[in-house]
Protein chains: 2
Amino acid sequence: MRPSERPEIRDLPLFRTMRDDSFDTLAKDFFARDFPPGFDLLRQGDPARVLHIVLDGAVLLYTRHRGRETTTAVVEPPGSFILAACIRDAPYLVSARTLERARVVLVPCEQLRSIVRQDPDFALAVAEELSGCIRQVVRHTKNLKLRNAQERLAAYLLRESRLCGDADRFILPVEMRTLASFLGMTPETLSRSMRSLEAAGIAKEGARAIRITDRDALARLAAPDALIDGPGPVGTSRGIDLPGVRAAS
Amino acid sequence: MRPSERPEIRDLPLFRTMRDDSFDTLAKDFFARDFPPGFDLLRQGDPARVLHIVLDGAVLLYTRHRGRETTTAVVEPPGSFILAACIRDAPYLVSARTLERARVVLVPCEQLRSIVRQDPDFALAVAEELSGCIRQVVRHTKNLKLRNAQERLAAYLLRESRLCGDADRFILPVEMRTLASFLGMTPETLSRSMRSLEAAGIAKEGARAIRITDRDALARLAAPDALIDGPGPVGTSRGIDLPGVRAAS
DNA sequence: CGAACCCTTGACAGAAATCAACTAAGGTGG
DNA sequence: CCACCTTAGTTGATTTCTGTCAAGGGTTCG
């Protein structure tokens, strides 16, 4: 860990409220590292050994089964992932790979668990992080089960806009294929859904830029709902949000 | 709370490891109640006020959006629900209704949060419960995204059998329509999937009884996977398992 | 400049939802 | 105890949605 980034790490949602001495103890054991794009950070099924927290860049969480693959989340700073596996000392349910160059804090699970037991403030922070994570996954599941492909895309675009400060124009944070996988559809279906939305309030401007031309029309289609898409106009962060990603609820 | 059930409550996964004095403090504020079948316990969108723990009976967690409705979970003893909303003091994401006569422990969120801050053992128990819950929802999402309707049903039946001690014959814990909704399909599709599985290892014996006639054939179809269907041969409990339900990971 | 790779588009196939009718089972009240 | 009514489940016909396969166009990067 570079001395310069210690304050940044200290201020992460997970560590912000913990006692100084707990942080100092924990800090002895964790370290930050840079990873190149496309680097495999962990594989589903492996026993939990280290908690990961993204300081910079972006990390893809994905999972495979029988040759099929799906995106579980894209984690951006200051998101953490696989906290649940660490707490339970259980195998990872997903694999993780850097999408771009990324800087990640690695915290050994054993030390983490030991501090949880000693510092109630930290334990509470962990519980809050986990709770936020549950709520995100539950909302994502509701999204998958209660909306069709086109509605999911419309809702995603509205949310993305909101996270960019209700901007009418914004850049998608991930490739189309990753977005498709996250939204539970094939790239082809995403492409067609995007096209059909061009008649309902959006315009594509280049490969990844989106302009919202008719917010009301889009909203009629998406039927945005705080209990699915997440709360309030002022997002805590940007990008796809998912399990283990952000404390936001 | 009846004096006789105090030991039972004390031994719940969430309370088992907490300090005596914390439990005593908390016990002043919680109470157990009986509810008739079909009783609405809470509604999505309402602010979190009480944690619910099921001592007896069964509770349906479901959610609505735009006239569509889907089952999120069926909670059976000794499962809890909406712990995450309580910890974050956020609105419920789902509604809850008793499926049958049920006995439920109600714990005011405020007191719960206050004890979390005071008792690290309890905070750890909460973190573990939440972690188990996350893992369940993540597995459920993987199930929805990586398997088709028939495979989801096949995997569900195998898991159900496993939870009944690898019994070849068992009774479904919920109505077909509820199961369909949980598995992310319509009752019609469930009915047809069930029928098509009769050529691949199962037999229906009456309305809700299932016999597994060819476990290997069923397994070839379902491709059971610990990272989706949950761990080991010895289940912690039975029935549908879901968000906020069981500590099992 | 060329080779990957990503995205799009079209044609088609398959999966699942919808609509509607029918059957069976459970509960109620006569 | 039986008839009726309600509700759950099944089945069939059909539509809609989504995935698959294949080809083409555009970008990016070496």
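Every chain is numbered from 1 and lettered A, B, ... according to where its sequence line falls, protein lines coming before strand lines.
Considering only side-chain N and O atoms, A/R195 lies under 4.0 angstrom from the phosphate OP1 or OP2 of C/dT9. Residue B/S191 has no polar side-chain atom (N or O) positioned under 4.0 Å from OP1 or OP2 of D/dG9. In this model, the phosphate group of C/dC7 is not approached by any side-chain N or O of A/K204 to a distance below 4.0 Å at OP1 or OP2. For the pair B/T186 and C/dA17, the criterion of a side-chain N or O lying under 4.0 Å from OP1 or OP2 is met.
In this structure, B/N148 places its CG atom 15 Å from C1' of C/dA17, rounding to the nearest Å. What separates CD of A/Q150 from P of D/dC17 is a distance of 9 Å, to the nearest Å. What separates CE of B/M185 from P of D/dT10 is a distance of 13 Å, to the nearest Å. Rounded to whole Å, the distance from CG on A/L144 to P on D/dT18 is 12 Å. Rounded to an integer number of Å, the gap from B/K145 NZ to D/dG19 P is 11 Å. What separates CD of A/E175 from P of D/dT27 is a distance of 15 Å, to the nearest Å. A/R208 has its CZ atom 10 Å from the P atom of D/dT28, to the nearest Å. In this structure, A/R68 atom CZ and D/dT20 atom C1' are separated by 13 Å, rounded to whole Å.
The pair A/E151-B/R68 counts as a salt bridge, with a side-chain nitrogen and a carboxylate oxygen less than 4.0 angstrom apart. A salt bridge links A/R215 with A/D168: the distance from a Lys NZ or Arg NE/NH1/NH2 to an Asp or Glu carboxylate oxygen falls below 4.0 Å. Ion pairing between A/D225 and A/R147 fails under the 4.0 Å rule for side-chain N and carboxylate O.
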Next item on the list: Give the intermediate values and the outcome of side chain to side chain contact (heavy atoms under 4.5 Å, CB included) for residues B/R97 and B/L41.
Entry: CA-CA 5 Å; B/R97 180 173 60 227; B/L41 292 167; over 6 Å; no
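Between the side chain of A/R192 and the base of D/dT20, at least one donor-acceptor pair of N or O atoms lies under 3.5 Å. Below the 3.5 angstrom threshold, one finds a donor paired with an acceptor across the side chain of A/E188 and the base of D/dC21.
With DNA chain D read from its 5' end, the first of the two nearest nucleotides for A/T189 and B/M176 is the one closest to B/M176.
Under the 3.5 Å distance criterion, the side-chain polar atoms of B/S191 are left unmatched by any main-chain donor or acceptor of B/P187.
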